[in-house]
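Working notes for the structure below.
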Amino acid sequence: MAVSFPSSQLSPSMDRTTQWVFSQDIPTDLIVEVGNSCFPLHKLMMVPKSGYIRKKVHQAADPAAIIPIEISDIPGGAEAFDRAARFCYGVNFEITVYNIAALRCAAEYLEMTEEHGEASLASRTEEFLEKAALKTLSGAVAVLRSCEELLPFADKIGLVQRSIDVIGLKACKEATFPTRSPTEWWAAELSSLPPIFFQKVLAAMQARSASPKTLATAISTYTNLTLPNNATLTTHHQTHLESIVSLLPPNDTVALPISFFCVLLRNAIAVSASPASHENLEKRISSLLDTATLTDLLTITLDPSGERIANLDSVRKVISGFVERETSGSGRSLAGIFYGGGVALCSAPMQKVARMVDAFVAEIATDAEMPISKFVGIAGAIPKSARKFDDDLYRAVDIYLKAHHGLDEIDREKVCSVMDPLKLSYEARLHASQNKRLPLQIVLSALYYDQLKIRSGKGDLNMVTSPHLPTAEVVRKQAKADASLAQENETLRTELARMKMLVSNFEQSQGSGSSRYAKAVAAPSKKPTFFASFSRTFGKLNPFRHGSKDTSNIADDLSVDVAVVKPKKRRSSIS
């Protein structure tokens with residue numbers, strides 16, 4: 001009895017199989033439904049080849065009648081069953097690396113193995129896997145990729161692990177002994193795998209002692225080829241990016257450059273990835289920060305278009321993480337660094353990062369919308385003891401003050417709080433003394449330092465403080481000068497405090513109408529005070545006589561450090 005079915009329910013290959021069955025002029029006695037597709041077949045052809053069909057026929061109430069069989073969970077669906085049915089009927093069809101996985105799973109599901117007949121579909125597919133599909137890296141990748149839609153059955157019969165082992169072996173060999181160009185073609189082949197399989201391939205490569213460089217090549221190539229351009233990233237890529245971050249090996253097993261992590265963090269920010277992904281990338285970047293460049297930090301900061309500052313919090317966390325790592329690694333406490341403990345954190349990596357951060361804040365200082373808190377937060381993330389000279393930081397401060405010219409005295413003091421005017425080189429202090437953008441207290445601090453040098457009689461200022469003359473003679477003079485300067489600086493601080501107190505009392509007396517404090521301030525002293533000496537010198541170093549200078553010519557070469565205690569900052573300013 002022939003049964004007709006709408007051709008719209010059949011694929012072209014299924015339709016050909018059905019036409020072949022009908023052309024035999026033998027009534028069908030077996031109806032197999034796979035999803036929305038129906039196959040009119042014959043027990044005579046199917047039962048000897050398939051143990052699964054044989055069981056269903058034997059379980060039927062009337063084995064002689066037309067038996068309907070419904071199959072809903074066969075791996076590969078109707079396409080795979082169609083090829084299995086054609087195999088039972090002896091119809092030729094092509095086996096490729098793209099359908100072999102589905103055929104192998106269908107053969108196992110339908111029990112078309114050697115136990116249920118010679119020359120089974122299972123043995124035919126196994127022969128193709130061993131002699132063709134799994135002989136090359138490209139073939140193994142194609143097989144593994146097709147297994148994604150066959151899970152968990154493909155994993156159950158071991159096809160997934162077999163493919164992974166072959167890929168891991170051949171990728172390691174190709175990375176060590178390239179057979180074609182470009183030499184990294186094998187990494188591009190792996191980029192077609194879904195993240196779940198790519199992670200397992202990485203584990204297989206590690207098990208075979210793949211070098212950190214090989215793993216880094218695989219990961220960076222996979223990321224570059226599977227993530228779109230920054231400008232086209234959308235929230236739809238969030239899951240994929242989080243998958244890439246989760247499969248990153250530990251830092252000590254892979255040699256990925258910091259630029260790779262910076263780009264990945266920028267993308268994570270763009271697609272609003274999970275906080276765990278952000279934290280993972282920030283920790284990796286902070287551990288490699290001493291190898292970073294200014295471009296790397298700007299990569300994190302700018303938006304995908306590269307035209308606007310989009311994120312500074314991640315940069316601050318990265319810098320803070322690096323400082324914490326350096327501090328814990330050297331056995332020092334952060335409290336000692338930031339709160340006057342006198343600990344000097346001046347390791348070579350810390351100094352390198354400090355210079356880079358100073359250059360970074362100089363770049364972002366031009367943004368007119370940059371709040372003071374953000375600027376100070378990043379510039380101040382590096383401990384002050386990590387800088388021998390603050391010339392670069394002074395340049396960044398001056399650029400910020402130029403771009404934000406409407407700030408009042410208090411806000412300008414907040415901006416300048418990140419630097420120490422006593423750690424400026426002679427040229428920078430000379431510029432600062434004539435810089436009208438700086439708050440008065442910073443100008444006075446620079447002038448006090450030079451005034452102290454003049455009074456101590458230590459010779460030419462330029463010779464003592466300039467970083468351009470790191471000779472043995474300068475070092476000896478500096479060492480001899482520091483001992484007396486430390487003592488005289490205490491006197492300077494006392495004089496400054498007393499002078500501020502007198503000025504404050506004078507201002508109060510003027511506001512209240514009393515003349516007693518005014519007389520106390522105006523009365524001449526019997527012996528010359530430091531204030532009188534300072535006034536005479538102040539005329540020669542008048543910071544407003546020649547106007548303001550640009551900071552572009554400030555020397556970047558810093559090499560001499562002068563250990564002088566900074567005058568204590570007061571809320572009141574001297575007018």
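Note that the numbering runs from 1 along the sequence shown for the chain.
Side-chain polar atoms of Thr214 and Thr217 form no donor-acceptor pair below 3.5 angstrom. Looking only at atom types and distance, the side chain of Glu174 has a donor-acceptor partner in the side chain of Thr179 under 3.5 Å away. With no hydrogens or angles considered, a side-chain donor-acceptor pair links Ser274 and Ser277 at under 3.5 Å.
Within a 6.0 Å sphere centred on CD of Glu242, other residues, nucleotides and ligands contribute more than 12 heavy atoms. Within a 6.0 Å radius of CZ in Phe93, other residues, nucleotides and ligands contribute more than 12 heavy atoms. Heavy atoms from other residues, nucleotides or ligands lying under 6.0 Å from CG of Leu225 number more than 12. For Gln59, the CD atom counts as densely surrounded, since its 6.0 Å shell holds more than 12 non-hydrogen atoms of other residues, nucleotides or ligands.
One N or O on the side chain of Lys423 and one on the backbone of Lys384 form a donor-acceptor pair closer than 3.5 Å. In this structure, Asp390 contributes its side chain and Leu393 its backbone to no donor-acceptor pair below 3.5 Å. Judged by distance alone, with hydrogens and angles left aside, the side-chain atoms of Thr221 form no donor-acceptor pair with the main-chain N or O of Ala218 at under 3.5 Å. Looking at Ser246, its side chain does come within 3.5 Å of a backbone N or O of Ser243 through a donor-acceptor pair.
At a threshold of 4.5 Å between non-hydrogen side-chain atoms, the residues Ile309 and Met370 count as touching. With contacts defined as side-chain heavy-atom distances shorter than 4.5 Å, the pair Ser163/Leu134 qualifies. No side-chain heavy atom of Asp296 sits less than 4.5 Å from a side-chain heavy atom of Leu298. Within the 4.5 Å cutoff, the side chain of Arg412 has heavy atoms near those of the Leu401 side chain. Side-chain contact check for Asn224 versus Val263: every heavy-atom pair is 4.5 Å or farther apart. Residues Phe39 and Ser37 have side chains in contact (heavy-atom distance under 4.5 Å, counting atoms from C-beta outward). Looking at heavy atoms from C-beta onward, Phe375 lies out of side-chain contact with Asp367 at the 4.5 angstrom threshold. With contacts defined as side-chain heavy-atom distances shorter than 4.5 Å, the pair Tyr222/Pro195 qualifies.
Nearest heavy atom pair, residue Lys49 against residue Cys88, reads CB-SG, 3.4 Å. Listed here is the closest heavy atom pair of Val318 and Ser286: O-CB, 3.2 Å. Between Ala101 and Cys147, the shortest heavy-atom contact is CB-SG, 4.1 Å. Considering every non-hydrogen atom in both Ala84 and Met112, the closest pair reads O-CE, 3.7 Å. Taking all atoms of both residues into account, the shortest heavy-atom contact from Gly380 to Val418 is N-CG1, 4.3 Å. The nearest pair of heavy atoms linking Lys56 to Ile69 is CB-CD1, 3.5 Å.
A distance of 9.5 Å separates CD of Gln199 from CG of Leu248, quoted to the nearest 0.5 Å. Here the OG1 atom belonging to Thr113 is positioned 6.5 Å from the CD atom belonging to Glu108, to the nearest 0.5 angstrom. Rounding to the nearest 0.5 angstrom, the gap separating the CZ atom in Arg266 from the SG atom in Cys262 is 10.5 Å. Note that CZ of Phe260 and CZ of Arg284 are 9.0 Å apart. Values are rounded to the nearest 0.5 Å. Separation of atoms CG (Leu256) and OG1 (Thr223) is listed at 8.0 Å; rounding is to 0.5 Å. The CZ atom of Arg83 lies 13.0 Å from the OG1 atom of Thr125; values are rounded to the nearest 0.5 Å.
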**Message:** Quick one, Glu111 with Arg54, criterion salt bridge (Lys or Arg N to Asp or Glu O under 4.0 Å). Give me CA distance, side-chain angles, the key distance, then yes/no.
**Reply:** CA-CA 10 Å; Glu111 299 178 17; Arg54 185 183 308 163; over 6 Å; no

**Request:** Using the salt bridge (Lys or Arg N to Asp or Glu O under 4.0 Å) rule, take Asp391 and Arg395 through it: C-alpha gap first, then chi angles, then the decisive distance, then the call.
**Result:** CA-CA 6 Å; Asp391 286 30; Arg395 176 176 175 270; over 6 Å; no

**Message:** Assess the residue pair Val141 and Ser192 against the criterion (side-chain contact (heavy atoms from CB on, under 4.5 Å)); give the C-alpha distance rounded to whole Å, side-chain angles, the decisive distance to 0.1 Å, and a yes or no.
**Reply:** CA-CA 8 Å; Val141 169; Ser192 62; 3.3 Å; yes

**Prompt:** Going through the checks in order, is the side-chain hydrogen bond (donor to acceptor under 3.5 Å, both in side chains) test met by Thr226 and His240?
**Reply:** CA-CA 9 Å; Thr226 57; His240 182 60; 3.1 Å; yes

**side-chain contact (heavy atoms from CB on, under 4.5 Å) between His237 and Asn267, intermediate numbers included** = CA-CA 9 Å; His237 300 103; Asn267 292 338; over 6 Å; no

**Request:** Walk me through it: do Phe197 and Glu148 pass the test side-chain contact (heavy atoms from CB on, under 4.5 Å)?
**Result:** CA-CA 8 Å; Phe197 289 154; Glu148 183 180 15; 3.9 Å; yes

**Message:** Determine whether Glu326 and Ser347 satisfy the following criterion, side-chain hydrogen bond (donor to acceptor under 3.5 Å, both in side chains), listing intermediate values before the conclusion.
**Reply:** CA-CA 8 Å; Glu326 280 290 300; Ser347 64; 2.9 Å; yes

**Item:** Residues Met356, Leu289; criterion side-chain contact (heavy atoms from CB on, under 4.5 Å); working and verdict
**Value:** CA-CA 10 Å; Met356 180 180 59; Leu289 192 58; 3.9 Å; yes

**Asked** Please walk me through it: do Glu94 and Arg86 pass salt bridge (Lys or Arg N to Asp or Glu O under 4.0 Å)?
**Response** CA-CA 11 Å; Glu94 184 182 11; Arg86 293 168 71 181; over 6 Å; no

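One finds no salt bridge joining Asp420 and Arg387 here, because no Lys/Arg side-chain nitrogen approaches an Asp/Glu carboxylate oxygen to under 4.0 Å. Asp313 has a carboxylate O that lies under 4.0 Å from a charged side-chain N of Lys374, or vice versa, which qualifies the two as a salt bridge.
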